[in-house]
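I have placed the structure first, in the form of structure tokens, so that the comments after it can refer back to it.
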Amino acid sequence: DAVCRAVYRTLTGRRTLEWTTAADAEKKGRPAALYPVIWPFLCALALSFGYPFHIFPAALFLLCAPFAVSDGRRTKRPKPRLTDGEADALRQYAAATWRYFETYAGETDHFLPPDNVQETPVYRVAHRTSPTNIGLYLLCALAAADLSLISPEALSERLCRAVETLRALPRYRGLLYNWYDTETLEPLPPAFVSSVDCGNYLVCLTALKEGLREYAPLGMGFASLIKEIEEELANARLECLYAPRRRLFSVGLDVSSGKLSDSYYDFYMSEARMTSFFACAKGLVPASHWAALDRSFLRRGGRAAAASYSGTMFEYFMPALFLPLYENTYAPEGLAGCLYAQKRRVRGTPRPWGVTESGYYDFDGDMNYRYRAHGMKTLAMKRDPNDRPVFAPYASFLALVTDPHGALKNLRRFASLGAYGACGFYEAVDFSAAAPGEDYMIVRSFMAHHAGMSLLAAVNALRGNVFVRRFARDPKMERALSLL
């Protein structure tokens, strides 16, 4: 059919620029879509009469044509909607989570969010922060305004104060260092620039500037904030963390030596997927980088699942805060496999699901909770993933994008275990460390990036993936969506 059309149009000069957009193709009825596929087979079938050996192949092709067309059409499944009661509960959770930033991102920390606050065994505020913490906090301020938890005036004031602090932070080629002391604003040694943290920050800024355009008609300095954010994005040389020979991003760069780390982000199922997409969309790295990301499947426990390095929910679900999920593609299949494995692990028990990187009930010499990536063996390529039964509520917030009813049911289970405090859900519930007569211990701390992801996921669920839509509204991001 295509060959015949091309020859005809070349000879006649008619309809040489005829095409149908993807959106228009989706609107066409199925019978109409079948005609251009079927008519060559009908001709072949007619010509084959008298040649019995030709009839069967032609008939077979004719029978398969409808399946070929239907297979190429994207199926549309109804998205689960929150009930009124679920939406109310989620708003309450979001308001409590915002309290972390409202309380602690204040003058003492130069209006930046401290990394974490723990209530027990000793009360302590960790006066340090990272690019990820900062980016998420700025977006959480916007989320709080979206939910009318703060006024547009308060949003402007918070962002202006934070941006004033950001101007004073030392940088490397326009990129933030991995950790800063929030009291002195000095980079914490050793001076290191993290690819994924810088990528997270730049992705957050991209969504922020597009979200602020919605508030710009109100004045209050939003236009100047947008301009400053655009300058920040333009000055960030993220490509200096890319290793061309590997076609991958290095984990980061040691500033003292000027050398990239020998470790790389190579899995598609990784939080670094956001960094990779952003860099490709901006033209900072070649599109071949996107193709180089590992899209392996593992078959363990009776079901094939997309592989990640550590098998944490964080690796699978964090990028969905900003990147759209398209049906019948690798990303949503990977998320579904991850969630299936998580639920399967606790099936038949009263435990919640949600194994991911988090704090757990063990302490360093200063009585700070320890932290590590807890993963699922069935999902991890890492030879010895830590599958300690530690379950983090923030993983349930991340799962709202694919299973809102199941995620909220799981959050109610966490609340019934006592894992809810003044700033929303506590960090984790550890079933591997229990006091006499107890089944589990609660990790009574709050972490800025987990609170930030939780709040953004909640607002996405309440407002139709608003942060996904804002991020994709950036012209360069929009043009690159076909990568997904």
Side-chain angles (χ1 to χ4, degrees), residues 115-122 124 126 263 267 269-271 298 300-301 303 305-318 334-335 337-399 406-407 410-411 413-421 425-451 453-454:
D115 183 65
N116 66 83
V117 175
Q118 68 174 47
E119 294 182 351
T120 59
V122 293
R124 181 170 291 137
S263 298
F267 281 96
M269 285 301 159
S270 163
E271 69 276 19
L298 295 174
R300 298 171 184 168
R303 173 172 173 161
S308 67
Y309 179 68
S310 300
T312 67
M313 279 195 72
F314 174 68
E315 293 167 289
Y316 289 81
F317 280 85
M318 183 191 181
L335 270 59
C338 173
L339 194 54
Y340 170 83
Q342 292 278 346
K343 292 182 177 182
R344 187 173 186 269
R345 173 172 178 159
V346 299
R347 188 180 300 163
T349 76
R351 296 178 176 181
W353 45 263
V355 174
T356 189
E357 65 172 62
S358 70
Y360 59 104
Y361 202 83
D362 196 6
F363 305 94
D364 63 18
D366 295 321
M367 297 305 292
N368 298 306
Y369 287 111
R370 296 186 187 275
Y371 185 95
R372 68 179 300 174
H374 305 99
M376 299 288 297
K377 287 183 177 179
T378 55
L379 303 173
M381 293 293 284
K382 186 179 179 182
R383 290 186 177 181
D384 185 26
N386 175 45
D387 63 346
R388 183 170 175 152
V390 180
F391 306 96
Y394 84 85
S396 298
F397 282 96
L398 293 179
N410 206 46
L411 287 171
R413 189 175 302 172
F414 275 111
S416 71
L417 297 175
Y420 197 77
F425 286 92
Y426 283 119
E427 171 67 1
V429 177
D430 189 341
F431 283 84
S432 69
E438 301 287 344
D439 295 327
Y440 57 87
M441 297 299 289
I442 296 174
V443 180
R444 296 182 184 275
S445 69
F446 303 99
M447 303 203 73
H449 65 302
H450 296 169
M453 290 188 292
S454 298

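Please read these numbers as outputs of a predicted model, since none were measured by experiment. Sequential numbering from 1 along the given sequence is applied to the chain's residues.
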Of the non-hydrogen atoms in Thr378 and Ala341, which two are nearest, and what is the gap between them? OG1-CB, 3.8 Å
Which heavy atom of Met381 sits nearest to which heavy atom of Ala307, and what is that distance? CG-CB, 3.8 Å
dist Met269:CE -> Phe317:CZ (nearest 0.5 Å) comes out at 9.0 Å
Does a side-chain heavy-atom distance below 4.5 Å link Glu315 with Tyr309? yes
Tightest non-hydrogen contact, residues Ala419 and Val429, listed as CB-CG2, 3.8 Å
Closest non-hydrogen contact found for Gly311 with Ala380 is N-CB, 3.8 Å
Decide yes or no for Leu411 and Pro393: does some side-chain heavy atom of the first lie under 4.5 Å from some side-chain heavy atom of the second? yes
Among Glu357, Arg372, His374, Met441, find the residue that satisfies the side-chain contact (heavy atoms from CB on, under 4.5 Å) test when tested with Val390. His374
Residue pair Pro352 / Leu417, side-chain heavy-atom distance below 4.5 Å: yes
CD-OH distance between Glu119 and Tyr426, expressed to the nearest 0.5 angstrom: 3.5 Å
dist Met447:CE -> Ser358:OG (nearest 0.5 Å) comes out at 9.0 Å
Is a salt bridge present between Asp430 and Arg388, judged by a nitrogen-to-oxygen distance below 4.0 Å? yes
From OH (Tyr316) to OG (Ser270), nearest 0.5 Å: 10.5 Å
Donor-acceptor pair, distance only, cut-off 3.5 Å: does the side chain of Tyr394 make one with the backbone of Phe314? no
Using the six-membered ring wherever Trp is involved, compare the ring planes of Phe363 and Tyr369 and label them parallel, tilted or perpendicular (cut-offs 30° and 60°). tilted
Check: Arg351 main-chain N/O paired with Thr349 side-chain donor or acceptor under 3.5 Å: yes
Within the structure provided, determine whether Met313 and Trp353 are in side-chain contact (heavy-atom separation under 4.5 Å). yes
Determine yes or no for a side-chain-to-main-chain donor-acceptor pair under 3.5 angstrom, with Gln342 supplying the side chain and Thr356 the backbone. no
Looking at Ser310 and Lys382, what are the two nearest heavy atoms and their distance? OG-CD, 4.4 Å
Is a donor on one side and an acceptor on the other found under 3.5 Å between the side chain of Tyr360 and the backbone of Ala428? no
Measuring only between side-chain heavy atoms, which start at C-beta, is Phe391 closer than 4.5 Å to Phe414? yes
For Tyr420, what residues pass the side chain to side chain contact (heavy atoms under 4.5 Å, CB included) criterion, not counting sequence neighbours? Tyr93, Ala96, Phe425
Point-to-point distance, once rounded to the nearest 0.5 Å, from NZ of Lys377 to CG of Leu379: 13.0 Å
About how many Å separate CG of Asn410 and CG of Leu339, when rounded to the nearest 0.5 Å? 9.0 Å
For residues His450 and Asn116, determine if any side-chain heavy atom of one lies less than 4.5 Å from a side-chain heavy atom of the other. no
